[in-house]
Enquirer: 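What follows is a single structure, and I will ask about it in a moment.
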Amino acid sequence: MTIGIAGAGSIGVAMAVVFARAGHQVRCWDPYPDSCRRAASELRDRLDRLHAGGLLDEEADLVGSRVAFVGDLEVAVADVALVQECAPERLDVKQPLYARLADLTGADVPLASSSSALRASLLAEGNPAAHRILVAHPANPPYLLPVIELVPSTATRRSITERAAALYAGAGLHPIALHREVDGFVFNRLQGALLREAYCLVRDGVVDVDDLDAVVTLGLGRRWSVIGPFETVDLNTRGGIAAHAEKMGPAYERMGRERGQHDPWTPDLVATVAAQRRALLPLEEWDGRVAWRDDQLIERARSDERRPQADEIATA
Ligand SMILES: NC(=O)c1ccc[n+]([C@@H]2O[C@H](COP(=O)([O-])OP(=O)(O)OC[C@H]3O[C@@H](n4cnc5c(N)ncnc54)[C@H](O)[C@@H]3O)[C@@H](O)[C@H]2O)c1
């Protein structure tokens, strides 16, 4: 299939890598010739790195040959299966672009925005193709962090979201369908919660920047590379997440209140979360899963040991 990309900046190039690696033809449009030139050399560089890292099944040249950079939007999106819009994060840039894309693309082509925070309902305001517009927010870089949030507006047709989801899944990404629109979606809301607290801790003289980062890279983040925050606390407490909420809920509520936040883990909310966790992991299998988590962390610890340290690189 052919995929059209609008905007050849860092995410446009990265999504070109994702689709080309999966065997699709990609036409990448940017209104600025200089951007196209830079993008072509960036694409080459990224493919070479992936190849050197053993993450391309084919030669970098072959994968790169599937990507064409074009200066004409009409040419870029002719007969494509999906448009991935990667224009600057500005409504006054994206809205007119969607007006053009509505005219230039077929009646069943998903128009997917990489936007980090703009809702599809805003992008689609007054657009006759509103039913084809959704947000498909990738992590950066998407060829190494394979999660993509799909956020339709109430106008987006379900068949469009499903077609987009199938294309992303076929290209090796893991689509996460949000139930409704929310500013910042899930990825950036989670990142934002952590960053807001990190800024407060530095502001209040509790910790320095590099030590805070180390708490994440050596602690929270290493664990999160294996299991998410819900599974983490589910496995941290015998009895699972309900037991964790009972023990730790009041302390987290106090910390939130210190920051002016009042979102208590009510019994109903904890019951909803616990029911979803128990459906994924019955308590009888809890000990086995804890052992599995440790095995995964052992693997990561070993691969960290094999990695050269910064001072070794400097003296090499
Ligand atoms: N950078 C990230 O980490 C990241 C992660 C996820 C999503 N996103 C989203 O992806 C989108 C692109 O971000 P980016 O970081 O690649 O930006 P960028 O500034 O690197 O690239 C934007 C590209 O758009 C081009 N452009 C300028 N005017 C345009 C127009 N009218 N129509 C189309 N293209 C135009 C520019 O020449 C440039 O090549 C944004 O919506 C951003 O929020 C970014």
Side-chain angles (χ1 to χ4, degrees), residues 3-20 26-46 49 67-78 80 82-105 109-125 127 129 133-153 164 168 171-176 178 181-192 194-195:
I3 306 294
I5 293 184
S10 73
I11 290 299
V13 171
M15 289 303 288
V17 169
V18 167
F19 288 120
V26 179
R27 288 192 223 110
C28 206
W29 168 79
D30 197 287
Y32 299 104
D34 276 356
S35 294
C36 280
R37 274 189 287 279
R38 181 202 18 80
S41 111
E42 250 181 50
L43 176 84
R44 186 63 236 204
D45 187 51
R46 290 178 190 212
R49 279 168 181 276
V67 182
F69 291 94
V70 296
D72 183 340
L73 181 60
E74 190 171 350
V75 172
V77 300
V80 293
L82 173 136
V83 176
Q84 185 77 34
E85 174 270 303
C86 303
E89 183 76 345
R90 285 174 39 193
L91 200 55
D92 63 331
V93 171
K94 290 191 193 267
Q95 265 182 349
L97 177 56
Y98 278 96
R100 291 186 68 197
L101 289 171
D103 282 345
L104 295 174
T105 51
V109 175
L111 304 177
S113 178
S114 299
S115 172
S116 304
L118 297 170
R119 299 171 183 220
S121 49
L122 269 179
L123 303 173
E125 244 170 26
N127 193 308
I133 297 175
L134 75 158
V135 163
H137 173 239
N140 190 16
Y143 45 82
L144 293 173
L145 305 176
V147 72
I148 187 157
E149 298 180 273
L150 302 190
V151 200
S153 77
Y168 294 123
L173 299 183
H174 185 104
I176 305 287
L178 272 58
E181 292 191 294
V182 59
D183 269 346
F185 320 126
V186 171
F187 192 102
N188 279 330
R189 284 187 92 89
L190 288 175
Q191 180 158 256
L194 193 67
L195 268 177

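When a ligand or atom number is given, it counts from 1 through the structure's own listing order. If you read the sequence from its start, that first residue is 1, and numbering goes on from there. Everything numeric in this text was worked out from a predicted model, so none of it was measured. Reckoned from all heavy atoms, side chains included, excluding hydrogens, waters and symmetry mates.
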Enquirer: Under 4.0 Å from atom 17 (O) of ligand 1, can you find at least one protein heavy atom?
Expert: no
Enquirer: Does any N/O atom on Glu89 come nearer than 3.5 Å to any N/O atom on ligand 1?
Expert: yes
Enquirer: Suppose I only count heavy atoms of Val93 and a 4.0 Å limit; which atoms of ligand 1 are within that range?
Expert: 30 (C), 31 (N)
Enquirer: State whether the side chain of Ser114 and the backbone N or O of Glu85 hold a donor-acceptor pair below 3.5 Å, judged by distance alone.
Expert: yes
Enquirer: Does CD belonging to Glu74 count more than 12 external heavy atoms closer than 6.0 Å?
Expert: no
Enquirer: Under 4.0 Å from a heavy atom of Pro138: which atoms of ligand 1 are those, numbered in the order shown and with their elements?
Expert: 6 (C)
Enquirer: Is Glu85 in contact with ligand 1, taking contact as a heavy-atom separation below 4.0 Å?
Expert: no
Enquirer: Shortest non-hydrogen contact from Leu178 to Pro152?
Expert: O-CD, 4.1 Å
Enquirer: Search all heavy atoms of Val80 against all heavy atoms of Gly4 and return the closest pair with its distance.
Expert: CG1-N, 3.5 Å
Enquirer: Which atom pair, heavy atoms only, marks the closest approach of Ile11 to Cys86?
Expert: CG2-SG, 3.9 Å
Enquirer: Under 4.0 Å from any heavy atom of Trp29, which atoms of ligand 1 are there?
Expert: 32 (N), 33 (C)
Enquirer: For Gly9, is at least one N or O under 3.5 Å away from an N or O on ligand 1?
Expert: yes
Enquirer: Give me the nearest non-hydrogen protein atom to atom 43 (O) of ligand 1 as residue plus atom name, then the distance to 0.1 Å.
Expert: Ser116 OG, 2.7 Å
Enquirer: For atom 5 (C) of ligand 1, what's the nearest protein heavy-atom neighbour? Residue, atom name and distance, please.
Expert: Ile11 CD1, 3.5 Å
Enquirer: To the nearest 0.1 Å, how far is atom 11 (C) of ligand 1 from its closest protein heavy atom, and which atom is that?
Expert: Ala87 O, 3.3 Å
Enquirer: Going by the angle between their ring planes, with limits at 30° and 60°, are His137 and Phe185 parallel, tilted or perpendicular?
Expert: tilted
Enquirer: With the side chain counted from C-beta on, respond yes when Asp183 and Arg189 share a heavy-atom pair under 4.5 Å apart, and no when they do not.
Expert: yes
Enquirer: Give the atom numbers and elements of ligand 1 that come within less than 4.0 Å of a heavy atom of Gly7.
Expert: 24 (O), 34 (N)
Enquirer: Are any of the N/O atoms on His137, whether in the backbone or the side chain, positioned under 3.5 angstrom from an N/O atom of ligand 1?
Expert: no
Enquirer: Is the backbone N or O of Ser121 less than 3.5 Å from a side-chain atom of Glu181, with the two atoms forming a donor-acceptor pair by type?
Expert: yes
Enquirer: Students should be able to answer this: which protein heavy-atom is nearest to atom 24 (O) of ligand 1, and at what distance?
Expert: Pro88 CD, 3.3 Å
Enquirer: Measure the distance from atom 29 (C) of ligand 1 to every protein heavy atom, then report the residue, atom name and distance (to 0.1 Å) of the closest one.
Expert: Pro31 CG, 3.5 Å
Enquirer: Atom 22 (C) of ligand 1: which protein heavy atom is closest, and how many Å away?
Expert: Cys86 O, 3.9 Å
Enquirer: Test your reading of the model: is there a side-chain donor-acceptor pair from Glu42 to the backbone of Val13, 3.5 Å cut-off?
Expert: no
Enquirer: Looking only at heavy atoms, which two atoms of Ile133 and Tyr98 are closest? And how far apart?
Expert: CD1-CD2, 3.7 Å
Enquirer: Could you tell me which atoms of ligand 1, counted from 1 in the order shown, lie closer than 4.0 angstrom to a heavy atom of Ser115?
Expert: 41 (O)
Enquirer: Could you give the side-chain donor-acceptor pairs of residues 138-147 under 3.5 Å, partners two or more places apart or in another chain?
Expert:
from   : atom 1 : to    : atom 2 : distance (Å)
Tyr143 : OH     : Arg46 : NH1    : 3.4

Enquirer: Counting from 1, what ligand 1 atoms have a heavy atom of Ser35 closer than 4.0 Å?
Expert: 37 (O), 39 (O)
Enquirer: Can an N or O of Asn140 be found at a distance shorter than 3.5 Å from an N or O of ligand 1?
Expert: yes
Enquirer: Starting from atom 9 (C) of ligand 1, locate the nearest protein heavy atom and write down its residue, its atom name and how far away it is, to 0.1 Å.
Expert: Ser114 O, 3.3 Å
Enquirer: Near Arg38 CZ, under 6.0 Å, is it more than 12 heavy atoms from other residues, nucleotides or ligands?
Expert: yes
Enquirer: What atoms of ligand 1 come within less than 4.0 Å of a heavy atom belonging to Arg38?
Expert: 39 (O)
Enquirer: Ignoring hydrogens, just give me the one of Asp30, Val135, Asn188 whose non-hydrogen atom is nearest atom 38 (C) of ligand 1.
Expert: Asp30
Enquirer: Is any side-chain heavy atom of Leu73 closer than 4.5 Å to a side-chain heavy atom of Leu101?
Expert: yes
Enquirer: Closer than 3.5 angstrom, by distance alone: can the side chain of Arg27 be matched with the main-chain N or O of Val75 as a donor-acceptor pair?
Expert: yes
Enquirer: Distance under 4.0 Å to a non-hydrogen atom of Ala8: what atoms of ligand 1 satisfy this?
Expert: 39 (O)
Enquirer: Return the residue, atom name and 0.1 Å-rounded distance of the protein heavy atom closest to atom 20 (O) of ligand 1.
Expert: Ser10 N, 3.1 Å
Enquirer: Any protein heavy-atom neighbour for atom 31 (N) of ligand 1 (distance below 4.0 angstrom)?
Expert: yes
